[in-house]
S.K.: 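Sharing a structure here in structure tokens format.
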Amino acid sequence: MTNFNRSTLPDTVRSNGATPNPWWANAVVYQIYPRSFQDSNGDGIGGLKGITSRLDYLADLGVDVLWLSPVYRSPQDDNGYDISDYQDIDPLFGTLEDMDELLAEAHKRGLRIVMDLVVNHTSDEHAWFQASRDKNDPHADWYWWRPAKPGHEPGTPGAEPNQWGSYFGGSAWEYDPKRGEYFFHQYSKKQPDLNWENPEVRKAVYKMMNWWMDRGIDGFRMDVITQISKVIDKNGKLPGEAGSEIADNPVGEEGYSSPFPFCSDGPRIDEFLAEMRREVFEGREGYMNVGEAPGITPARNEHVTDPANKELDMLFLFDHVGIDQEGSKWNTVPFEVKNLRDRMTEQQEAVRKAGWASLFFCNHDQPRVVSRWGNDSDRGSRELSAKAFGMLLHMHRGTPYIYEGEELGMTNAHFTKLEQYRDLEALNGYRQRVEEAKCQSSESMMAALALIGRDNARTPMQWDASKYAGFTAPDAPVEPWISVNPNHVEINAAEEFDDPESVYTFYKKLIAMRHNSATIAAGEWHLLAADDEQVYAFTRVDGDDTILVAVNLTDRSAALPLDVAELLSDGVNESQVLLSTYDAMHSVKSIAHGELARWEGVVIQL
């Protein structure tokens, strides 16, 4: 089912507060990581033609929107999130003509295309940055350039403008001998931050965005967009910089302070997003824009996504995917149902009156949820826990995002050696923490990488049981850019496509339910059993229609929470069971016994 024949959400059911309801209020988005989705030319890297060849699969699944991770021209230092030319396609992925063909073929099938956009930073190979290395060039102030700390030799240790560290390890400042100054980069040293304080930067960004919208794309997913506004004093100085009125934070265990508090949800972010809306999206119809939102709280999400404020349609919040990390990202702690429920509840409650929620557990930066919080140790546990987390996510109020392979129950890579990883964050993090700062053991770091490293999501899409999982031909001259997960022999689309009990078929049902039920798409959300250690339960309500969702997120049976049991005190028959991670009869019997089996989730019409 595509958006050609899904139900329109009636305006009597309020979604984000806009009237009429936006088309995406009961849509489902599917994220594609192009280099890992489908190789079409045997070079071991997926591309645009490969995506086009798989559009029928995506239309059959029933999703409405395809979000493509970056395919712009790039040196690929951070797999395309370092853009050197916004208005060209990287030859790794194809050509602008291939992009036009993908757009046309997707639109024929009722599928919309949203492009990933990275405008917090560019590549250091972008023409803007190269020009800015000359202090006399008009682009000189397009990036965050600063002189060496007074009294220090430029380019020597300790001469950096302040003590900020990069999220990818090392200093957040890189010295450029040509200009004789340092430039700021929150991420890789090949990803210098753009200076959004400069109106010429903003004008250039909006012009480029309009070029793409005019070309026919359906919107943008904006990478770390809430980091474009930095905290500066009245003289334009950053915290901790010589002469700044704003003090920096203390140095941490890796030897640096964090720029995060000063670069996330900054003082001008609302102004910049509203300006972007006016300059790019006003007067257009049928688009969708979503921002990746480091540092944004659920309460702030309500403001940014409230249509009355004319900023963004949706934001990705991260508080719920940090529940198994403590202090450092690489210090992992066990998953607890209550922690997930608390964070998700805050997100749901914040947009009860206005605004909208994005729903996700997986993406290109997150590991596979079935390995992270579920159980992938055997087929039965993997399929049940994949369905349980899928049900939980898709029954919330908001727009669900499926990451490629999530609909198959794809698992983490289970790499055991550092050389198997390709991700800059993982490799730099290991060097910084284990070899340089010596604040984490090699064993602990490798365990953390295996659990939450980004490459877990980036192994090739598992299409079939052939040598390279159908991602590339079995006799291709080049191996895939990153190893195929060996379990592709058991876990693949060909195996699951026609299996009525498969994870894939379960996801088709979830998508169809959102398309056809106004209650699931946008009905009120009410939490139940707020303190239960195993069961996450809530109701969805639209007028007289009430749907109960109860999911056991553990590997052992669980007693029905009291308030859930009370709602079901008159018993449940099979016709009331809209969906079960087992089957309707199993869940009827479980409820009769006052329990849910391990990973048992059920959606019940009350």
S.K.: Output all residues satisfying side-chain contact (heavy atoms from CB on, under 4.5 Å) with A148, sequence neighbours left out; order by chain, then residue number.
M.R.: P154, A159, Y182
S.K.: Apply side chain to side chain donor-acceptor pair (under 3.5 Å) to the pair N456 and S371, showing each step before the final yes or no.
M.R.: CA-CA 9 Å; N456 285 303; S371 301; over 6 Å; no
S.K.: Is it true that D43 and R35 have a side-chain N and a carboxylate O under 4.0 angstrom from each other?
M.R.: no
S.K.: Which heavy atom of A413 sits nearest a heavy atom of T459, and at what distance?
M.R.: CB-CG2, 3.7 Å
S.K.: Assess the pair W173 and F184: is the distance between their ring centroids shorter than 6.0 Å?
M.R.: yes
S.K.: Charged N to carboxylate O under 4.0 angstrom, K237 versus E245?
M.R.: no
S.K.: Got a donor-acceptor contact below 3.5 angstrom from the E275 side chain to the F272 backbone?
M.R.: no
S.K.: Taking the ring of F129 and the ring of W145, is the distance between their centroids below 6.0 Å?
M.R.: yes
S.K.: So that I know where these two stand, are Y143 and H185 an aromatic pair - ring centroids less than 6.0 Å apart?
M.R.: no
S.K.: Aromatic ring centroids of F37 and W67 under 6.0 Å?
M.R.: no
S.K.: Establish, from distance only, whether the side-chain atoms of Q227 and S264 form a donor-acceptor pair under 3.5 Å.
M.R.: yes
S.K.: Between R221 and E292, is the closest basic N to carboxylate O distance under 4.0 Å?
M.R.: yes
S.K.: Going by the rule side-chain hydrogen bond (donor to acceptor under 3.5 Å, both in side chains), which residues pair with S166 if we only count those two or more places apart in sequence or in a different chain?
M.R.: none
S.K.: Taking only residues two or more places apart in sequence or in another chain, which ones pass salt bridge (charged side-chain N to carboxylate O under 4.0 Å, His left out) with D324?
M.R.: R372
S.K.: So, does H396 use its side chain to make a donor-acceptor pair with the main chain of L392 at under 3.5 Å?
M.R.: yes
S.K.: Are Y187 and H121 an aromatic pair by the rule of ring centers under 6.0 Å?
M.R.: yes
S.K.: Apply salt bridge (Lys or Arg N to Asp or Glu O under 4.0 Å) to D78 and R454, showing your working.
M.R.: CA-CA 11 Å; D78 186 25; R454 302 194 301 180; 3.1 Å; yes
S.K.: List for me each residue that meets salt bridge (charged side-chain N to carboxylate O under 4.0 Å, His left out) alongside R382, sequence neighbours excluded, and say none if there are none.
M.R.: none
S.K.: Can a side-chain donor-acceptor contact be found between S188 and D77 if the only test is distance below 3.5 angstrom?
M.R.: yes
S.K.: Please name all residues satisfying side-chain hydrogen bond (donor to acceptor under 3.5 Å, both in side chains) with Q347, sequence neighbours left out, ordered by chain then number.
M.R.: D319, H320
S.K.: Test of understanding: with side-chain hydrogen bond (donor to acceptor under 3.5 Å, both in side chains), list the residues that count as partners of R343, not counting sequence neighbours.
M.R.: E346
S.K.: Once side-chain contact (heavy atoms from CB on, under 4.5 Å) is applied, do any residues pair with I83, and if so which ones, sequence neighbours excluded?
M.R.: Y72, Y86, V118
S.K.: Taking side-chain contact (heavy atoms from CB on, under 4.5 Å) as the definition, give me every residue that meets it alongside D342, ordered by chain and number, with sequence neighbours left out.
M.R.: K338
S.K.: Might you confirm whether atom NZ of K135 has over 12 heavy atoms from other residues, nucleotides or ligands at distances under 6.0 Å?
M.R.: yes
S.K.: Between Y421 and Y430, is the gap from one ring center to the other below 6.0 Å?
M.R.: no
S.K.: Which residues pass the salt bridge (charged side-chain N to carboxylate O under 4.0 Å, His left out) test with R458, not counting sequence neighbours?
M.R.: D365, D423
S.K.: Name all residues meeting the ring pair (Phe, Tyr, Trp, His ring centres under 6.0 Å) criterion together with Y30; count only those two or more places apart in sequence or in a different chain, and write none if there are none.
M.R.: none
S.K.: Measure centre to centre between the rings of F360 and Y403, then say whether the value is under 6.0 Å.
M.R.: no
S.K.: Using modelled atom types and a 3.5 Å cut-off, is there a donor and acceptor pairing between side-chain atoms of S74 and backbone atoms of D82?
M.R.: yes
S.K.: By salt bridge (charged side-chain N to carboxylate O under 4.0 Å, His left out), which residues pair with E302, not counting sequence neighbours?
M.R.: none
S.K.: For residues 231-260, which residue pairs pass the ring-ring contact (aromatic ring centres under 6.0 Å, His included) check, not counting sequence neighbours?
M.R.: none
S.K.: Inspect the contact between E436 and R431 and indicate whether a charged nitrogen and a carboxylate oxygen are less than 4.0 angstrom apart.
M.R.: yes
